[in-house]
*Asks:* 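Here it is, the structure in full.
Any value given below was found using the heavy atoms of this structure, including those in side chains, with hydrogens, waters and symmetry copies removed.
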Amino acid sequence: MEWLERMNRAIDYIEANLTEEIELREAASMACCSSYQFQRMFSFITDVTLAEYIRRRRLTLAALELQHSEGAKVIDVALKYGYESPVSFARAFHALHGITPTMARQEGIVLKAYPRLSFLITIKGAEAMNYRIETKESFEVFGIEGIFRVDGGGETMQTPAKLWEQSIAKGDVKRLEACAGVLPSFVSRDLHPVHAVCSYRKTGPDTFPYMLCAFKDEASNTEGYTSVTIPAHTWAIFPSEPHPWNQFDETIETLYKRFYTEWLPTAGYEQVDGIEFEMYGAKDGLNYIELWFAVRKA
């Protein structure tokens with residue numbers, strides 16, 4: 001229950017500061033995690049980014065203020081909810097509500113309202129969630145690194161999925177596979193040579209590193225690649241059911257969501273610095289995934 005209390009304290013802070021500047025690090029500290037972890041957890045749990053939630057809440061309150069305060073000027077409401085000009089406010093308002101701010105004053109006009117979020121435990125059924133807890137000594141990986149924004153923005157490559165897509169198309173994944181050594185003894189023999197690791201170092205409050213990686217051993221050729229040492233950790237490992245390739249996106253999304261919404265709130269563990277592995281394997285002609293989360297007792 002402590003996990004839920006921390007998340008709700010973070011929401012309390014956000015709601016109390018919708019007319020002020022919201023410090024994401026402050027919100028994250030109330031949830032006892034990094035800004036990156038908090039934004040990532042929020043997205044998986046709610047299916048909306050934290051930035052979008054804040055935008056929707058501000059525009060919901062702005063619409064109510066315009067509707068119920070006859071003397072409120074559009075420019076004043078715009079500035080109150082963080083918009084630098086009536087033009088930018090009108091554009092955002094129309095994108096959400098489908099009307100201009102001035103039209104919001106009309107009787108009978110239809111507006112959208114996004115309520116405040118609260119985190120609760122819900123009973124979702126009796127479907128089992130397979131996992132195992134394993135402690136592993138330090139090991140090394142190497143590979144192709146990208147730095148991404150949590151909100152998916154930026155001028156260059158926007159998502160890890162695009163890094164995979166471009167690396168496969170250019171043959172970089174095949175080359176990395178050829179440079180990999182032997183799989184270490186602490187992983188399944190069914191795993192492929194190339195996997196992915198996320199958040200293994202700090203890059204900024206709103207960014208995270210993601211690497212297409214292989215395990216490093218004496219036979220590995222690491223020239224031209226980024227190498228990373230993964231410290232000793234306890235890992236919560238969640239394997240998927242075997243699945244055909246066309247079900248990959250749905251399978252990995254479901255694993256992440258169930259970890260954050262079902263296992264983490266009740267298991268008595270907390271995630272360590274957001275470190276995650278996506279391990280890919282094949283068995284009996286079907287694919288499977290293992291998600292590894294670095295954890296510690298709460």
*Asks:* With no hydrogens and no angle check, do the side chains of S240 and T251 hold a donor and an acceptor under 3.5 Å apart?
*Replies:* no
*Asks:* What I want to find out is whether E65 reaches K80 closely enough, with some N-O distance under 4.0 Å, to be called a salt bridge.
*Replies:* yes
*Asks:* For the pair E145 and R201, find out whether any cationic side-chain nitrogen is under 4.0 Å from an anionic carboxylate oxygen.
*Replies:* yes
*Asks:* Both conditions, 6.0 Å and 45 degrees, for the charged tip of R40 above the ring of Y256: are they met here?
*Replies:* yes
*Asks:* Is the shortest side-chain heavy-atom distance between I230 and W235 below 4.5 Å?
*Replies:* yes
*Asks:* Going by an N to O cut-off under 4.0 Å, is there a salt bridge joining K136 and E134?
*Replies:* yes
*Asks:* State whether a side-chain donor-acceptor pair under 3.5 Å links R9 with Y13.
*Replies:* no
*Asks:* Look at R132 together with E290 and state whether they make a salt bridge at an N to O cut-off of under 4.0 Å.
*Replies:* yes
*Asks:* Less than 4.0 Å between a side-chain N and a carboxylate O, is that true for R55 and E52?
*Replies:* yes
*Asks:* Does the pair R116/D12 count as a salt bridge with the N-to-O cut at 4.0 Å?
*Replies:* yes
*Asks:* Check whether any side-chain N or O of S220 sits under 3.5 Å from a backbone N or O of G181 as a donor-acceptor pair, and report yes or no.
*Replies:* yes
*Asks:* Could you tell me whether R6 and E2 have a side-chain N and a carboxylate O separated by less than 4.0 Å?
*Replies:* yes
*Asks:* Tell me yes or no: between the side chains of S88 and S85, is some donor less than 3.5 Å from an acceptor?
*Replies:* yes
*Asks:* Go through F139 and F186 one step at a time and tell me if the ring-ring contact (aromatic ring centres under 6.0 Å, His included) criterion holds.
*Replies:* CA-CA 10 Å; F139 59 91; F186 57 79; 5.1 Å; yes
*Asks:* Answer yes or no: does atom CZ of R175 have more than 12 heavy-atom neighbours from other residues, nucleotides or ligands under 6.0 Å?
*Replies:* yes
*Asks:* Does some side-chain heavy atom of F293 sit less than 4.5 Å from a side-chain heavy atom of I237?
*Replies:* no
*Asks:* Can you find a side-chain donor-acceptor pair between Y36 and T207 that sits under 3.5 Å?
*Replies:* no
*Asks:* Connecting only ILVMFWY residues whose side-chain heavy atoms lie within less than 4.5 Å of each other, what is the rest of V272's hydrophobic cluster?
*Replies:* none
*Asks:* Just by distance, do the side chain of R105 and the backbone of Q67 share a donor-acceptor pair under 3.5 Å?
*Replies:* no
*Asks:* Between atom CZ of R91 and atom OG1 of T100, what is the distance when rounded to the nearest 0.5 Å?
*Replies:* 14.0 Å
*Asks:* Ignoring hydrogens and angles, state whether a donor on the side chain of S35 or Q39 is under 3.5 Å from an acceptor on the partner side chain.
*Replies:* yes
*Asks:* Just checking, any donor-acceptor pair under 3.5 angstrom between side chains of Q271 and E276?
*Replies:* yes
